[in-house]
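Scroll down for the structure; my scribbles are underneath it.
Any value given below was found using the heavy atoms of this structure, including those in side chains, with hydrogens, waters and symmetry copies removed. Within every chain, numbering begins at 1; the chains are lettered A, B, ... in the order of the sequence lines, protein sequences first and strands thereafter. Keep in mind the model is a prediction, meaning the values are calculated, not measured.
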There are 2 protein chains.
Amino acid sequence: MTYTIKDVAKKANVSIATVSRIVNNQTGYSEKTKKKVLQAIEELGYHPNAIARGLINKRTHTIGVLFPELSSMLVTDILNGVENAAHEAGSSVIVCHTKSKTMNYLRLLNEKRIDGIIFTSEILTNEYYEYIKKMNVPLVLLATESYAHPVPYVKVSDTHAAYSATQYLIKHGHNQIGMISGNKNDKVAGYLRITGFKNALNDYNIPFTEDQIAYCKGFRYQDGIDGLEMLIKKSPNLTAVFAASDEMAIGAIFKAYKLGIKVPEELSIIGYDNLKMAAMSIPPLTSVAQPLYEMGEMAVKMIFNMLENNQAVESRIMPHQIVDRESVIKRETN
Amino acid sequence: MTYTIKDVAKKANVSIATVSRIVNNQTGYSEKTKKKVLQAIEELGYHPNAIARGLINKRTHTIGVLFPELSSMLVTDILNGVENAAHEAGSSVIVCHTKSKTMNYLRLLNEKRIDGIIFTSEILTNEYYEYIKKMNVPLVLLATESYAHPVPYVKVSDTHAAYSATQYLIKHGHNQIGMISGNKNDKVAGYLRITGFKNALNDYNIPFTEDQIAYCKGFRYQDGIDGLEMLIKKSPNLTAVFAASDEMAIGAIFKAYKLGIKVPEELSIIGYDNLKMAAMSIPPLTSVAQPLYEMGEMAVKMIFNMLENNQAVESRIMPHQIVDRESVIKRETN
DNA sequence: TTGTATGCGTTATCAG
DNA sequence: CTGATAACGCATACAA
């Protein structure tokens with residue numbers, strides 16, 4: 001049996017209005033009735049019905065977070081941060097993995113009258129944007145950004161992070177550096193990281209040719225394997241490689257291993273993401289870290305901010321950081 | 001602006017009852033009014049309010065899934081399966097990572113009047129059980145089971161799976177086999193897997209002493225590192241090791257590497273879980289696979305079954321399977 | 001075939 | 001300080 005406010009009222013011999021006041025600890029009742037009511041609540045094991053509340057308050061204390069694929073290794077950390085921050089703010093999170101039916105989910109979330117939406121990684125199409133705009137709920141982009149629409153985002157600067165990774169390699173004495181890139185047409189993870197890579201080379205007066213970049217289909221393990229193969233075919237003398245994701249970096253390490261190339265002795269490799277997995281590879285992977293967990297937290301904070309102040313909020317560029325492990329070696333400059 | 005059924009009714013010149021009938025496609029209206037109403041809905045971009053519906057129907061089309069820690073690498077696959085099956089059934093899933101505040105979450109889920117609960121990995125305490133029982137919603141255990149409470153579960157047989165792993169090693173010519181175990185006091189992942197290991201040894205007449213097992217604190221990477229160290233100290237002549245999780249197996253591989261022990265040439269290692277990561281280690285890890293995704297799907301199917309038929313449902317033992325990679329070598333029997 | 005009215009469990013606005 | 005009572009958006013029994 002599940003009790004209602006009416007049951008409590010009856011048991012405590014007061015009106016439901018009074019119970020409501022006490023439950024929401026507003027003012028307007030004596031200590032005595034409060035005791036009485038609290039006791040009734042306790043005895044009945046009463047819990048307010050959040051559904052009924054939502055109907056009135058127009059707040060469901062639920063936010064939706066969309067991932068393009070839940071199986072990506074990035075999501076656990078992000079989701080962890082999101083979930084944590086949301087729970088601390090008294091909200092829950094509905095996860096949606098939008099394998100090609102994003103609009104479906106958007107409709108569902110709309111009907112559920114969620115309080116806000118966090119949109120991850122995936123590109124925000126016009127259709128999505130317009131629909132969410134109509135829903136009239138706060139939206140923030142996480143680990144992605146939109147050039148076409150004025151939507152606040154939280155992410156690392158891909159360009160700067162890629163620059164840092166490359167610079168790290170350079171400062172370790174490398175000047176024959178290649179990059180295993182993800183999809184070149186990916187406006188953010190693809191293009192921006194390539195730009196960062198080139199900028200670093202340029203700033204340190206290291207000549208660049210297209211042979212130094214292998215363009216892959218995606219950012220996965222297999223892409224890293226393929227990428228390294230392509231890369232060393234084009235540029236056999238590389239001493240260091242920047243991979244655009246940890247998965248790719250680990251794929252590259254594997255390929256190097258198969259090819260008898262020693263990492264890091266003969267080839268240094270730096271990754272991007274700093275997944276849990278990075279610490280578990282052989283050798284442990286040096287990587288530029290995105291503060292995934294914190295980014296998740298930040299995104300929900302931004303949502304709540306927009307909710308409370310009912311106004312736009314500023315985008316956040318989160319700090320990246322290189323975490324030193326063992327896949328990059330210092331090279332004697334000769 | 002977000003419209004209500006009233007707006008639609010007004011625009012179509014009918015009563016809200018008629019609109020309701022059409023929206024829920026029941027019978028009792030003419031084709032003509034249907035057209036009219038549908039058009040009004042279309043023009044307004046009306047979507048029924050799931051909150052209001054939930055208040056009446058006592059179904060929120062939302063289920064909660066609890067994980068002890070979202071950062072564990074097991075969750076992505078499970079969550080993926082859960083989320084998929086739920087969405088196909090028209091429901092959404094709220095994720096909760098119950099880092100030491102499970103009761104909190106349970107209360108929240110209760111207030112939100114979710115339709116069912118999936119409880120993962122963690123042990124179902126008396127307190128949790130009693131509370132959920134009072135909530136009066138379907139509960140299924142995922143990748144765990146309860147001896148104390150009559151709750152349906154879906155999982156692999158840990159004993160059988162561990163037996164299979166050990167048998168696999170034996171059939172590859174090994175008879176000096178060790179095990180890196182997780183927490184011995186863990187009733188399911190700990191104890192059951194140890195039992196399976198011992199049973200296999202016994203069935204094949206391979207002598208067993210306690211020196212063949214390293215008991216670790218948990219099932220993580222670091223535990224695997226520590227575990228292998230302990231194990232070879234106690235039993236230096238091992239040719240094969242069964243690790244109770246992939247993370248541990250990969251930790252063990254790392255430790256072996258540090259110790260100059262070649263895997264698999266000098267030491268074969270088999271893991272448990274078949275995480276994505278298993279395919280990415282060097283060498284790629286042979287592992288006994290739990291069908292995590294399918295288990296997730298199955299769990300929600302069971303929930304909906306209980307919901308519809310309003311009765312208990314049978315537990316499911318899912319098939320495990322050894323996926324052959326390169327971390328176990330065939331040994332000449334001399 | 002259609003409309004009216006009631007209730008789902010709350011909150012909030014009034015009076016008292 | 002307290003209690004009726006009207007919403008909230010919808011579904012449904014009952015009338016018409």
Side-chain angles (χ1 to χ4, degrees), chain A residues 1-38 40-41 44-62 90 107-108 110-115 135-136, chain B residues 1-38 40-41 44-62 107-115 135-136:
Chain A
M1 186 50 194
T2 158
Y3 297 99
T4 74
I5 198 173
K6 231 183 237 169
D7 300 313
V8 176
K10 196 177 298 172
K11 180 157 191 123
N13 267 319
V14 295
S15 73
I16 63 170
T18 300
V19 177
S20 178
R21 286 190 194 97
I22 290 170
V23 166
N24 298 301
N25 53 58
Q26 303 173 335
T27 62
Y29 45 83
S30 69
E31 264 312 303
K32 212 176 88 193
T33 56
K34 177 175 177 180
K35 280 255 154 55
K36 222 170 35 176
V37 169
L38 253 25
I41 288 177
L44 256 33
Y46 163 77
H47 285 288
N49 182 327
I51 300 300
R53 277 179 158 174
L55 194 53
I56 295 192
N57 298 333
K58 272 98 173 60
R59 279 280 299 258
T60 51
H61 295 280
T62 307
R107 264 186 288 275
L108 191 72
N110 181 21
E111 293 185 358
K112 292 225 163 118
R113 301 298 194 261
I114 51 154
D115 298 333
M135 285 177 64
N136 196 28
Chain B
M1 185 50 193
T2 157
Y3 297 99
T4 76
I5 198 174
K6 226 184 244 170
D7 300 314
V8 176
K10 194 177 301 172
K11 180 157 191 125
N13 268 317
V14 295
S15 72
I16 64 169
T18 301
V19 177
S20 178
R21 288 189 194 99
I22 291 170
V23 165
N24 299 301
N25 54 60
Q26 303 172 336
T27 63
Y29 45 83
S30 69
E31 264 310 305
K32 210 176 91 194
T33 56
K34 177 173 177 182
K35 280 253 155 56
K36 222 170 35 177
V37 170
L38 252 27
I41 288 178
L44 256 32
Y46 164 77
H47 285 287
N49 182 328
I51 300 300
R53 278 179 158 174
L55 194 54
I56 296 188
N57 299 332
K58 272 96 173 61
R59 280 279 301 259
T60 51
H61 295 281
T62 307
R107 264 186 289 274
L108 192 71
L109 293 177
N110 182 21
E111 294 185 358
K112 291 225 164 124
R113 300 296 192 263
I114 50 153
D115 298 333
M135 284 177 64
N136 195 30

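Interatomic distance, A:Ile51 CD1 to B:Ile114 CD1, rounded to the nearest 0.5 Å: 10.5 Å. With rounding to the nearest 0.5 Å, the separation of CD1 in B:Ile16 from CG in B:Asp7 is 11.0 Å. Between atom CG of residue A:Asn136 and atom OG1 of residue B:Thr2 there is a gap of 8.5 Å, rounded to the nearest 0.5 Å.
Contact annotation: A:Ser15 reaches the phosphate of D:dG3 (side-chain N/O to OP1 or OP2, under 4.0 Å). Considering only side-chain N and O atoms, A:Arg53 lies under 4.0 angstrom from the phosphate OP1 or OP2 of C:dT11. The side chain of B:Tyr3 contributes no N or O atom lying less than 4.0 Å from OP1 or OP2 of D:dC10. Close to D:dC10, at under 4.0 Å from its OP1 or OP2, lies no side-chain N or O of B:Ser20.
To the nearest angstrom, P of C:dT10 lies 12 Å from NE2 of A:His47. Going from atom CZ of A:Arg113 over to atom C1' of C:dT10 covers 18 Å, rounded to whole Å. In this structure, B:Lys6 atom NZ and C:dA5 atom C1' are separated by 13 Å, rounded to whole Å. The distance between atom CG of B:Asn13 and atom C1' of C:dT1, rounded to the nearest whole Å, is 16 Å. Atom OH in B:Tyr46 sits about 4 Å away from atom P in D:dC10, given to the nearest Å. Nucleotide C:dT10 holds its C1' atom 14 Å from the CG atom of B:Asn49, rounded to whole Å. Rounded to whole Å, atom C1' of D:dT2 lies 14 Å from atom CD1 of A:Ile5. For the pair A:Lys10 NZ and C:dG9 P, the computed distance is 12 Å after rounding to whole Å.
Nearest to the side-chain atoms of A:Ala17 among the listed nucleotides C:dT10, C:dC8, C:dA12 stands C:dA12. Of the candidate nucleotides D:dG3, D:dG9, C:dT10, C:dT10 has the atom lying nearest to any side-chain atom of A:Ala52.
Across all strands shown, A:Val14 has heavy atoms under 4.0 Å from sugar-phosphate atoms exclusively, and none from any base. Note on B:Ile16: a base of the nucleic acid sits closer than 4.0 angstrom, heavy atoms only.
Of all heavy-atom pairs spanning A:Val23 and A:Arg53, the tightest one is CG1-NH2, 3.3 Å. Among all heavy-atom pairs drawn from B:Ile5 and B:Tyr46, the shortest one is N-CE1, 3.5 Å. The minimum heavy-atom distance linking B:Pro48 with A:Arg113 is given by the pair O-NH1, 4.0 Å.
Where B:Lys58 and A:Arg21 meet DNA chain C, the nucleotide closest to each residue was compared, and B:Lys58 sits on the side nearer the 5' end.
Shown for residues 22-33 of chain B: residues whose heavy atoms fall under 4.0 angstrom of DNA chain D, namely B:Asn24, B:Gln26.
For the side chain to side chain contact (heavy atoms under 4.5 Å, CB included) with B:Tyr29, the lone residue among B:Val19, B:Ile22, B:Val14 that qualifies is B:Ile22.
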